[in-house]
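Below is one structure; the comments refer to it alone.
Basis for what follows: all heavy atoms, side chains included, without hydrogens, waters or symmetry-related copies. Not measured: the values here are computed from a predicted model. Numbers restart at 1 for each chain; the letters A, B, ... are given by sequence-line order, proteins then strands.
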There are 2 protein chains.
Amino acid sequence: MRSTIKDVAQLANVSTATVSNVHTGAKNVSEELRTRILWAMEVLGYEPNVVARSLKINKTFRIGIIVPDITNPFFSEIVKEIDTAVSKKNYQLVLFSSDYDVKKEFQFYASLVMGNGVDGLIMVAPRMEESQFKLNRSIPLLVVDRPAFFDGISDIAFVYADNYAGAFLMASLLLKKKYKRFACIAGPETVPNANARYEGFKAKLTEAGYSSNEIEVIRREFSFIDGYEAMMKLLEGYDPAKQKMAVFACSDISAWGAIEAVNSKGLMIPEDIGIAGYDNIYFAKFIQKGLTTIENPTKDMGGEAGELMLERLSNNRPFESSPVILESSLKERETV
Amino acid sequence: MRSTIKDVAQLANVSTATVSNVHTGAKNVSEELRTRILWAMEVLGYEPNVVARSLKINKTFRIGIIVPDITNPFFSEIVKEIDTAVSKKNYQLVLFSSDYDVKKEFQFYASLVMGNGVDGLIMVAPRMEESQFKLNRSIPLLVVDRPAFFDGISDIAFVYADNYAGAFLMASLLLKKKYKRFACIAGPETVPNANARYEGFKAKLTEAGYSSNEIEVIRREFSFIDGYEAMMKLLEGYDPAKQKMAVFACSDISAWGAIEAVNSKGLMIPEDIGIAGYDNIYFAKFIQKGLTTIENPTKDMGGEAGELMLERLSNNRPFESSPVILESSLKERETV
DNA sequence: ATGAAAGCGCTAACAC
DNA sequence: GTGTTAGCGCTTTCAT
């Protein structure tokens, strides 16, 4: 059986309060008792029970984090940054992978938000409807990589990048490169940022005189295989000699899939077709000699998110800040 | 303030024991009381406090997991599999990324293993010395992707693949393909499986008549950039016309880096040089039209690990099983 | 079937 | 500076 604070107190001939004081440092303890207590702890191999402590002080030093898919480099990079930030203050991360499933996502969210298993919750690129965020909550909620929404929801914060602007930038580049035909492999309509990217892309093109229905759009999941399949469809009857096409895949992972599809057809990039991505994941610079993409500031998002949550948890005052909106920028490489 | 079991009991005019019984289902409760209690819960928005519950029943339904780097696809794939397995029984994963740092790894391990924050601990590809595992432990430990060691350590289990055999397989293929010159970009010497791969590779080559010092070896971290740099070094003064080389990079991620190095020099794969990897990460089939590699059974390892831990936690009897050793197989593709 | 009450291991008033 | 003790919110034995 593991030894408790009582055992230590008994062996050291002191009260449990004094034992508690030596490892919380809440009060001063005389040198004599301190050494005796330390000795007793050593002898008994005592480690404080964190569960009991949590119950008493009503704090777990744990933060929940929900991501759509931990194997997606974009998300794992964010998780890593957040982890780095919060572990400096000894917070732990409880990880949930929702598998892009809104139902699961909501389940995790609901169970975390009501119980007291964690001190705070971070949701990365959540897909739930806005109304679902209205659950009565006892812990702060931080939403990363999704535009802010305001509905009288309290103790909520947002960190995200301007995806509309990012996609706008990409369209500008494509125009500059003299492309005349455009396609967009967009993300699911349930993902706000997927829409922002598509809209930003369309906006620039419209500004340049193209009409909406001139832009082919295929909506798929943000995944390698979906990018591949979407591109295969786009390539049906495609003849680069007639009219060269630029396709904007709205995530690097689907751009990568798209590139493989093009390669499998024996077409050259960018000679026969241009491909652009979005996110600038770590691997992007190695895909097809360098994928042209938009820098989605992963590190900044993760870092900001971690710091924000830490701050919220230490001063213990509900979030009130305005959303943190980060800049996106163009990473021009070889695929366009 | 959040409502407690007491509030519910009061409102429903019953004892706390009865309230407890309705959501644990430990005892039967009459239909009348049950409905009244359910109603009271509803009214108060009651959610049981999981921390208090944990303290009482001495169980957290949480499993700690320590990986070297969550952004490495190999590890994130394992984490995902484990998560899938354990979440079926409502266990949560507390994630730690050690950053390939043995000190950090040991810290996490020590703090988890002594306290009661988690019911069990899974370590993926740990780098600690065997002696460090001898800490007095109150929870079961499961080591994944590292060969078993036996030192009278109790309540420990192992799930891993035979890396020696895998690397042996790769050497056989390279021999069959008529390569005459061999190099190995091996992992750190502190990683048992890195050594197993190098040894297995060497063993087959030795068997075929090559001597140890004919095999160039560079030891680096398992990362993209390390693979890149190692290959750059290997390429100094390299002339494919004289003698074509096969290089076995001991992880897909470093093989990928190596490939980029080769590409940057304008050499052709596999015409000018052969490159092989190890792990068969998801992306492997898309690297350079398909990276020839060894299937490291990620899914099986993750699944087995999850199930094993679940079983251990439910029957509550210390691990005693012999190590689970999985098969590796060759994935022959285009780079060799 | 239901309730009273002890107690999981700890912290923090409060008293000395 | 040190000890006593109530109590965090829950489960569970033991009466009834």
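- End-to-end axis angle for the helix from dA1(C)-dT16(D) to dC16(C)-dG1(D), using five pairs per end and rounding to 10°, comes out at 40°.
- For L44(B) and dG9(D), the CG to C1' distance is 15 Å, given to the nearest whole Å.
- Listed by chain and residue number, F74(B), D145(B), A161(B), R197(B), Y278(B), D279(B), M301(B) satisfy the side chain to side chain contact (heavy atoms under 4.5 Å, CB included) test with N296(B) (two or more places apart in sequence, or in another chain).
- Nucleic acid contact for V51(B): none, since no nucleic acid atom lies under 4.0 Å from a heavy atom of the residue.
- With sequence neighbours excluded, the residues forming a ring pair (Phe, Tyr, Trp, His ring centres under 6.0 Å) with F61(A) are Y91(A), listed by chain and number.
- Residue-level contact check: V50(B) touches neither bases nor backbone, having no heavy atom under 4.0 Å from any strand.
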Next on the checklist: One character per nucleotide, please: for nucleotides 11-16 of chain D, 5' to 3', B when the base has a protein heavy atom closer than 4.0 Å, S when only the sugar-phosphate does, - otherwise.
Outcome noted: BBBB--

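- Across I82(A), L142(A), D119(A), a single residue satisfies side-chain contact (heavy atoms from CB on, under 4.5 Å) together with M309(A), and that is L142(A).
- With sequence neighbours excluded, the residues forming a side chain to side chain contact (heavy atoms under 4.5 Å, CB included) with E221(A) are Y100(A), R127(A), P188(A), D226(A), listed by chain and number.
- Residues passing the side chain to side chain donor-acceptor pair (under 3.5 Å) test with Y46(A): none are found, sequence neighbours excluded.
- When rounded to the nearest whole Å, the span between CG of N28(A) and P of dT2(D) equals 9 Å.
- Remark on DNA chain D: of its neighbouring residues S30(A) and R2(B), the 5'-side contact belongs to S30(A), judged by nearest-heavy-atom nucleotide.
- D101(A) pairs by the side chain to side chain donor-acceptor pair (under 3.5 Å) definition with nothing, not counting sequence neighbours.
- Using a 3.5 Å distance cut-off with no hydrogens or angles, the side chains of N116(B) and R2(A) do pair a donor with an acceptor.
- In this structure, the side chain to side chain contact (heavy atoms under 4.5 Å, CB included) partners of N315(B), at least two apart in sequence or on a different chain, are E311(B), R317(B).
- With sequence neighbours left out, E320(B) forms a side chain to side chain contact (heavy atoms under 4.5 Å, CB included) with no residue at all.
- Remark: T298(A) pairs with no residue by the side chain to side chain donor-acceptor pair (under 3.5 Å) rule, at least two apart or across chains.
- Across all strands shown, V14(A) has heavy atoms under 4.0 Å from sugar-phosphate atoms exclusively, and none from any base.
- Annotation: ring pair (Phe, Tyr, Trp, His ring centres under 6.0 Å) contacts of Y109(A) (sequence neighbours excluded): F106(A), F133(A).
- Boundaries of the chain A contact region on DNA chain C are dG9(C) to dC14(C), first to last in 5' to 3' order (nucleotide atom under 4.0 Å from a heavy atom).
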